[in-house]
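Some notes on the structure that comes next.
Quick caveat: nothing in here was measured; it's all calculated off a predicted structure. Below, chain A is the first sequence line, B the second, and so on; all start at residue 1.
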There are 2 protein chains.
Amino acid sequence: MSRMAHPRLPGQPKPPPTLADVAELAGVSRQTVSNAVNNPDLLRADTLARVQQAIQQLGYLPNRAARNLRTRASHLIGLRIQPVQEGTANALMDRFVHALVDTSREAGYHILLFTADTKPADSDAAAPVVDPAVARLGDTVAPVDGAAGYDDLLRSTAVDAFVVTDTYVSNPPVAWLRERRAPFVAFGRPWDDPDARHPWVDVDGAAGAELATTHLIEKGHTRIAWIGWRKDSWIGEDRRSGWVRAMRERGLSTTGMASRVEDTVASGRTAAAHLLDEARPTAFVCASDTLAMGVFHTLNERGLRPGDDVAVVGFDDSQVAQTVPPGLTSVRQPVEQVAAELVKALEALLAHPSYVGPGVMLTPTLHVRGSSGPDLR
Amino acid sequence: MSRMAHPRLPGQPKPPPTLADVAELAGVSRQTVSNAVNNPDLLRADTLARVQQAIQQLGYLPNRAARNLRTRASHLIGLRIQPVQEGTANALMDRFVHALVDTSREAGYHILLFTADTKPADSDAAAPVVDPAVARLGDTVAPVDGAAGYDDLLRSTAVDAFVVTDTYVSNPPVAWLRERRAPFVAFGRPWDDPDARHPWVDVDGAAGAELATTHLIEKGHTRIAWIGWRKDSWIGEDRRSGWVRAMRERGLSTTGMASRVEDTVASGRTAAAHLLDEARPTAFVCASDTLAMGVFHTLNERGLRPGDDVAVVGFDDSQVAQTVPPGLTSVRQPVEQVAAELVKALEALLAHPSYVGPGVMLTPTLHVRGSSGPDLR
DNA sequence: ACCCTGCCCTGGATCGATCCAACATGGTAT
DNA sequence: ATACCATGTTGGATCGATCCAGGGCAGGGT
């Protein structure tokens with residue numbers, strides 16, 4: 001079946017050299033080669049050179065599986081990815097994943113992807129259970145709700161740790177991982193538990209929204225509307241608070257200027273229409289580029305031009321923001337920095353399992369494009 | 001006993017149960033447990049049930065490292081990802097990666113990401129090379145040019161196979177992998193070598209462009225321009241040929257109606273401006289959504305409305321196409337099918353290393369949105 | 001000449017699952 | 001009653017790198 005040994009057929013790549021091969025060629029013992037690889041400073045210079053020569057000559061690289069087995073570490077980091085949301089402009093994950101792959105690579109780690117799919121992935125063990133009652137009975141550690149996928153990887157020691165990114169949607173994975181004492185770091189602060197003991201990195205959404213709002217105020221706008229997410233979204237409320245802060249600071253009114261909706265283009269469009277009719281704003285700050293595109297739709301229908309007639313600012317600096325005419329001004333999260341901080345925390349955590357780092361809060365930047373419009377004064 | 005070596009620290013997760021633990025609990029030998037997991041039909045029903053009960057009770061899952069070491073397979077598939085291209089609308093990879101993770105999971109594989117970074121990733125072995133001449137001398141199998149990253153993973157037996165996606169940019173990885181006899185499947189046909197022996201899956205770009213062009217013709221357009229990629233892009237020329245085919249079929253002229261540029265918004269914008277001035281098309285078919293957004297820019301500058309005044313069709317059905325007003329009609333690649341076919345080929349390849357599957361060609365679909373405009377007749 | 005220290009190096013055991021060949025068990029043919 | 005077979009089960013060896021305890025050797029002190 002799937003796991004059959006691969007007998008070396010004629011057309012097959014030759015097996016990679018092993019530590020023993022290198023040792024024989026260099027005329028030393030295995031341990032010496034191992035030291036040359038892992039603790040070069042333990043060897044005399046000439047021995048080291050000889051071993052390295054042999055390593056180069058054979059193109060030797062340690063067998064991952066053997067090393068993993070012995071050291072009880074896989075040097076793999078698990079990352080659960082969300083399904084791509086069709087019809088939205090959310091491109092954050094894409095950039096983040098890339099940054100994470102790059103950064104963790106420099107630290108000697110690779111990223112292993114998995115999804116929240118319900119079907120048991122590696123269900124060799126759970127194959128045909130004869131008596132369903134038995135399965136239910138013994139299933140004391142079943143992967144519940146949001147922890148889908150994490151469990152298998154952890155139990156099979158496939159990964160050393162996890163990077164959790166969906167802390168803002170809901171927190172079951174975090175709670176589950178914490179309870180399991182599984183090593184993980186989070187992109188996203190622990191909203192519901194301010195003194196959570198796991199390392200996390202987040203971007204200050206309030207600062208981002210404030211940046212956006214202040215930018216518009218400085219252009220001369222005074223009637224600036226907010227379109228954000230529903231009240232049960234911590235991130236949404238956080239970003240909204242930045243808008244409120246900026247407005248209050250300049251003594252501008254926020255009453256009737258805010259709308260909280262689903263994160264879809266259609267919702268943004270409807271919200272923009274209502275706001276334009278009732279509050280008559282000259283500018284919009286949105287919790288996402290998706291919502292901002294909703295505003296674009298409404299403006300488009302009414303023959304208004306983003307930028308020239310009504311200013312619009314989005315959030316996340318998606319590809320949409322970068323390419324749509326006349327360019328959508330947007331708040332950009334420094335995902336590269338996030339990845340760097342996460343990996344740093346990860347290394348600390350794996351070195352000292354009890355590590356409790358301080359949460360790291362990063363500040364986003366504003367990318368100004370045409371939709372900001374001209375200065376009004 | 002065996003586990004005594006590592007004194008369990010207070011705050012540490014308890015080590016997962018092993019095969020031996022299960023065997024002891026179930027009162028059978030290790031091999032019997034192994035059989036229960038891998039060849040359940042070899043056991044008597046009652047024994048199987050007893051073992052499975054023990055497995056459930058302990059929450060046992062085979063240790064990956066040990067299994068990998070013994071079976072010489074990691075059940076990991078390597079995927080090299082490209083840096084996100086800022087300022088473009090290319091969102092294909094995002095969807096593809098997700099589809100691939102999902103599909104390969106069902107086949108018992110996980111996806112391992114890596115990048116084309118130049119720095120040696122896992123350079124334990126290559127640490128401080130004393131004599132640079134030595135390194136160069138022995139470096140007979142150095143990872144050259146486009147194969148960066150593949151080499152380490154292969155030599156360290158970290159992955160079983162690769163999925164290669166960048167065959168259209170240039171082919172060094174493919175040539176390198178083939179020469180190495182490394183197992184891989186490609187998303188993208190082998191343009192330069194029609195009788196390449198590796199499994200591949202691709203999407204018929206010509207058919208996609210033809211679909212788009214025909215759609216516009218049926219709306220009543222006769223002057224349909226093409227904005228594509230430079231002539232050295234196989235994919236670009238392939239897509240272009242679909243436009244030519246559709247035009248010729250209806251006896252429509254293509255002279256002066258085509259432009260070949262870089263894949264950037266700015267290029268698309270310039271190309272659209274020139275074409276509008278000289279060839280006066282009423283519709284554009286573009287090789288990418290990025291270029292289509294360039295057309296949008298030009299229309300926007302001239303006070304023209306996509307859809308109502310000039311029809312535009314893009315390629316890849318990016319998030320931009322889905323969210324920009326009034327919606328950009330676009331050709332969508334069936335990446336989910338691509339992933340499914342790739343995984344199918346991968347399984348065949350890993351089961352029979354000499355497997356040479358037929359290339360699989362899939363047909364894209366057209367997603368019609370506002371930018372198609374109304375019927376002209 | 002002796003011992004001791006420090007530096008390298010060595011062989012054997014180990015991680016956990018699987019492969020292998022041999023063995024137990026119950027039932028059937030001789 | 002003995003030989004035989006099929007079905008299940010068993011302990012030992014194995015994959016390749018690392019951990020561990022012990023051993024060889026040169027140089028310095030007495």
*asked:* Working note: L79(B) + F162(B), criterion side-chain contact (heavy atoms from CB on, under 4.5 Å); need CA distance, chi angles, decisive distance, verdict.
replied: CA-CA 6 Å; L79(B) 176 68; F162(B) 294 99; over 6 Å; no
To the nearest Å, give me how far apart [atom1] ([X]) and [atom2] ([N]) are.
X	N	atom1	atom2	value
L61(A)	dG16(D)	CG	P	15 Å
N68(A)	dG16(D)	CG	P	14 Å
Q31(A)	dT14(C)	CD	C1'	13 Å
R70(B)	dA17(C)	CZ	P	13 Å
L69(B)	dT18(C)	CG	P	11 Å
D46(B)	dT9(D)	CG	C1'	13 Å
L19(B)	dG16(C)	CG	C1'	8 Å
R64(B)	dA17(C)	CZ	C1'	13 Å

*Quick check: are there more than 12 heavy atoms from other residues, nucleotides or ligands sitting under 6.0 Å from CD of E336(B)?*
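Yes, CD of E336(B) has more than 12 neighbouring heavy atoms, counting only those of other groups under 6.0 Å.
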*Ignoring the backbone of A66(A), work out which of dA17(C), dG16(D), dT10(D) is nearest its side chain.*
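For A66(A), the side-chain atoms sit closest to dG16(D).
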*Of the listed nucleotides dC19(C), dT9(D), dC9(C), the one nearest the side chain of L43(B)*: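 So the side chain of L43(B) is nearest to dT9(D).
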On the nucleotide [N], are OP1 or OP2 found under 4.0 Å from the side-chain N or O atoms that [X] carries?
X	N	result
R72(A)	dT14(C)	no
S34(B)	dC19(C)	no
T71(A)	dT18(D)	no
Y60(A)	dG16(D)	no
N38(B)	dA17(C)	no

_When the axes are fitted on five pairs at both termini, how much does the helix from dA1(C)-dT30(D) to dT30(C)-dA1(D) curve, in 10° steps?_
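Nearest ten degrees gives 70° for this helix.
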_N39(A) or V28(B), whichever maps to the more 5' nucleotide of DNA chain D_ =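 The residue whose closest nucleotide sits nearer the 5' end is V28(B).
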_Using the rule given for side-chain contact (heavy atoms from CB on, under 4.5 Å), can you reason through F96(A) versus F187(A), listing the C-alpha separation, both sets of side-chain angles and the distance that settles it, and then say yes or no?_
CA-CA 10 Å; F96(A) 175 65; F187(A) 177 7; 3.7 Å; yes
*asked:* The test is side-chain contact (heavy atoms from CB on, under 4.5 Å); show your working for R67(B) and V37(B) and say whether it passes.
replied: CA-CA 12 Å; R67(B) 173 178 274 186; V37(B) 172; 3.8 Å; yes
*asked:* Do P173(B) and R80(B) have side chains that approach each other closer than 4.5 Å (heavy atoms only, starting at C-beta)?
replied: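 Yes, their side chains come closer than 4.5 Å.
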*When you match R30(A) and L42(A) each to their closest nucleotide on DNA chain C, which lands nearer the 5' end?*
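Per heavy-atom nearest nucleotide, the more 5' residue is L42(A).
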_Between H198(A) and F184(A), ring centroids under 6.0 Å_ =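 Distance test on ring centres: under 6.0 Å, yes.
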*Report which part of the nucleic acid S29(B) touches: base, sugar-phosphate, or nothing (heavy-atom distance under 4.0 Å, all strands).*
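Contact class for S29(B): base.
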*With heavy atoms under 4.0 Å as the rule, sort V33(B) into base, sugar-phosphate or nothing.*
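Here V33(B) touches no strand at all.
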_Taking side chain to side chain donor-acceptor pair (under 3.5 Å) as the definition, give me every residue that meets it alongside D41(B), ordered by chain and number, with sequence neighbours left out._
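Residues passing side chain to side chain donor-acceptor pair (under 3.5 Å) with D41(B): none at all.
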*Is the shortest side-chain N to carboxylate O distance from D46(B) to R50(B) below 4.0 Å?*
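No.
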